[in-house]
Amino acid sequence: MAPPTFMGLSGRPLSLMVSAVATTGFVLFGYDQGVMSGIITAPAFNNMFEATRGNATMQGTVTAIYEIGCLMGAMFILGVGDLLGRRRAMIMGGIIMIFGVIIQVCAQVGADPLAQFIVGRVVMGVGNGINTSTIPTYQAECSKTSNRGLLICIEGGVIAFGTVVAYWIDYGASYGPDDLVWRFPIALQIIFALVISIPMFFLPESPRWLLSHDRVEDADKVISALRGYELDSDETALERTLILDSLRASGGFGQKSTPIKALFTGGKTQHFRRMMLGASSQLMQQIGGCNAVIYYFPILFEKSIGQTHQMSLLLGGINMIVYAIFATVSWFVIERVGRRRLFLYGTLGQCLSMVLVFSCLIPGNEMAARGAAVGLFTYIASFGATWLPLPWLYPAEVNPIKTRAKANAVSTCTNWLFNFLVVMVTPIMVANISWGTYLFFASVNACFLPIIWFFYPETARRSLEEIDIIFAKGHVENISYVRAAEELPFLNPEEIETYAMRYGLIDTISHVRGEKTRDPRDEEEKPTTDQNNSSSNSNIVDEHGVESGLGDGINTIERADRD
């Protein structure tokens with residue numbers, strides 16, 4: 001029997017289509033990060049929106065107000081994301097972004113165009129906030145363990161490609177008529193939004209979301225289609241069972257929406273700690289200075305280094321090419337080097353780059369300022385290879401299935417809140433304290449190193465269910481979670497259940513060696529048998545035909561390991 005299909009695809013082709021749509025969402029995210037940098041100080045834009053001419057505060061407001069919309073979109077997902085589902089949320093996000101773009105490009109002189117433009121920026125931000133809160137979760141829940149890190153890193157990395165496109169579109173449009181200078185770069189975003197929304201009508205929902213809503217048959221169809229399995233195969237049943245075990249361990253099975261208070265719990269599942277790990281990575285990404293460079297690179301060159309507007313745009317485009325090239329580095333090393341070391345390497349590179357920038361700006365002459373330009377280039381290279389993709393990957397995989405959507409939304413809210421702060425104050429900081437801006441960012445990056453070293457466990461090459469076990473192990477054995485991740489061996493699917501029992505994440509073994517994985521639909525048909533098994537602590541038969549009670553679970557597990 002052939003596996004089920006979506007859009008006529010199954011297996012690897014279907015997974016690639018899911019990844020292509022998810023990746024487009026982050027290309028659009030990157031595009032909008034870069035598009036305002038080239039037009040906010042353009043004469044044609046300032047002629048239309050007079051209040052932005054030579055006004056650093058207003059320029060910061062018009063650029064940063066978008067982040068407020070993104071924050072609103074992320075908060076929307078925090079509230080209703082579990083009810084809405086990953087697929088419908090992405091469709092909604094794309095459609096909202098299209099409306100936001102239309103509002104912006106239709107601004108006309110004499111009709112308070114700045115207010116209309118700001119409203120359009122906020123509306124478009126809402127759509128992007130919905131997408132950036134949902135897409136990493138959707139990608140993580142549809143991916144295999146072996147390529148999950150790579151796929152989400154590609155998503156994060158293509159932010160740089162979107163920014164490159166925006167910079168060069170801005171540069172080319174700057175030679176056209178006044179309307180083309182700013183309307184065309186903004187209107188181009190509609191194409192990306194359509195590529196997100198239209199295919200999602202036909203692509204599958206996340207299998208983990210379906211199982212959390214007790215839609216077992218739909219989940220089996222999606223798992224089989226994504227992996228290329230037959231619908232009734234043992235492989236489909238095994239993957240479904242592992243997801244169900246993870247849901248039951250976190251108390252999420254059958255819950256249509258996870259309550260907010262679940263994010264603030266500890267114990268074996270460590271929901272609060274895991275939410276804070278994801279959110280702190282997004283916080284550090286933003287206050288490390290990335291958007292001070294990405295959004296305002298041309299302005300930094302004009303104000304700090306003394307270049308003309310056209311030369312600043314050209315150098316900004318070249319810098320973004322460097323950004324995109326280095327963004328691909330993580331694709332090749334993310335599983336080999338791991339998340340922790342990439343975080344540490346990137347932080348060190350960013351810190352030293354900012355030291356170079358402020359040191360070269362202190363003398364205040366043109367020759368020294370060229371060294372500052374080098375620092376900005378090395379900063380964006382370090383950021384692109386590490387901190388660009390990692391904060392989108394880490395929250396999506398470090399949080400458990402029960403709280404993943406809401407915790408990922410909290411992380412994204414953190415991103416947009418501090419994104420707004422940095423984008424808002426950077427022009428003001430550059431205008432008032434000059435090189436002190438870069439001293440501030442160098443100091444902030446230096447503070448990241450001990451936080452990452454002591455609190456960030458490694459998640460590379462781990463299944464989402466293994467990551468649950470890392471936190472249970474750290475809690476039960478009262479050791480650091482970094483150490484728990486180092487000590488836990490890599491587990492196959494059968495071992496995951498064994499270790500989950502050892503650390504109290506599940507109460508019963510779903511299957512024993514040689515026995516087909518139980519289908520939860522069968523359990524509904526045999527309530528008496530399941531109750532008896534539960535009351536007898538899930539007695540199992542070993543390979544010698546001897547029935548053994550699980551008792552506290554530990555002795556039986558150790559005997560199963562030896563067998």
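Ionic pairing of Glu217 and Lys221 is not present here: no N-O contact between side-chain nitrogen and carboxylate oxygen is shorter than 4.0 angstrom. Note on Glu141 versus Arg86: salt bridge recorded, some NZ/NE/NH1/NH2 to OD/OE distance being below 4.0 Å.
The side-chain heavy atoms of Arg240 and Leu244, taken from C-beta on, include a pair separated by under 4.5 Å. Val21 has its side chain within reach of Leu203: a pair of non-hydrogen atoms, C-beta onward, lies under 4.5 Å apart. Counting only heavy atoms from C-beta outward, the side chains of Ile96 and Ile130 approach each other to under 4.5 Å. The shortest distance between side-chain heavy atoms of Phe76 and Val126 does not fall below 4.5 Å.
Crowding of Phe326 atom CZ: a count of heavy atoms from other residues, nucleotides or ligands under 6.0 Å not exceeding 12. Atom CE of Met7 has more than 12 heavy atoms from other residues, nucleotides or ligands within 6.0 Å. Surrounding CZ of Phe6 are more than 12 heavy atoms belonging to other residues, nucleotides or ligands, all under 6.0 Å away.
In this structure, the side chain of Thr134 does not engage the main chain of Asn131 through any donor-acceptor pair within 3.5 Å. Counting only distance, with no hydrogens or angles, the side chain of Arg215 and the backbone of Leu211 share no donor-acceptor pair below 3.5 Å. Remark: the backbone N or O of Ser463 is paired with a side-chain donor or acceptor of Glu466 at under 3.5 angstrom. Within the 3.5 Å criterion, the main-chain N or O of Ala409 finds no donor-acceptor partner in the side chain of Ser133. Side-chain N or O atoms of Tyr499 include none that pairs as donor or acceptor with a backbone N or O of Ile470 at under 3.5 Å. In this structure, the side chain of Asn445 engages the main chain of Gly288 through a donor-acceptor pair within 3.5 Å. Counting only distance, with no hydrogens or angles, the side chain of Thr347 and the backbone of Leu449 share no donor-acceptor pair below 3.5 Å.
Closest of all the heavy-atom pairs between Cys153 and Pro389 is O-CB, 3.6 Å. Arg88 approaches Leu83 most closely through the heavy-atom pair NH2-O, 3.6 Å. Nearest approach of Ala327 to Leu388, heavy atoms of both residues: CB-CD2, 3.8 Å.
For the pairing with Asp468, the side-chain hydrogen bond (donor to acceptor under 3.5 Å, both in side chains) check across Gln270, Arg274, Arg462, Lys473 returns one residue only, Arg274.
Side-chain contact, His271 with Thr403: no donor N or O sits under 3.5 Å from an acceptor N or O. Looking at Thr459 and Glu397, their side chains do bring a donor and an acceptor atom within 3.5 Å of each other.
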- Evaluate side-chain contact (heavy atoms from CB on, under 4.5 Å) for Ile159 paired with Val27, printing each intermediate quantity in order. CA-CA 5 Å; Ile159 294 173; Val27 173; over 6 Å; no
- Message: Using the rule given for side-chain contact (heavy atoms from CB on, under 4.5 Å), can you reason through Phe26 versus Ile135, listing the C-alpha separation, both sets of side-chain angles and the distance that settles it, and then say yes or no?
- Response: CA-CA 8 Å; Phe26 275 76; Ile135 289 173; 3.6 Å; yes
- Message: Between Thr236 and Ser233, is the side-chain hydrogen bond (donor to acceptor under 3.5 Å, both in side chains) condition met? List the steps.
- Response: CA-CA 5 Å; Thr236 298; Ser233 68; 3.0 Å; yes
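Between Phe29 and Trp416, the distance separating the two ring centers is shorter than 6.0 angstrom. Here Tyr394 and Tyr456 bring their ring centres to under 6.0 angstrom of each other.
Within the cation-pi definition used here (under 6.0 Å to the ring centroid, within 45° of the axis), Arg340 qualifies as a partner of Trp453.
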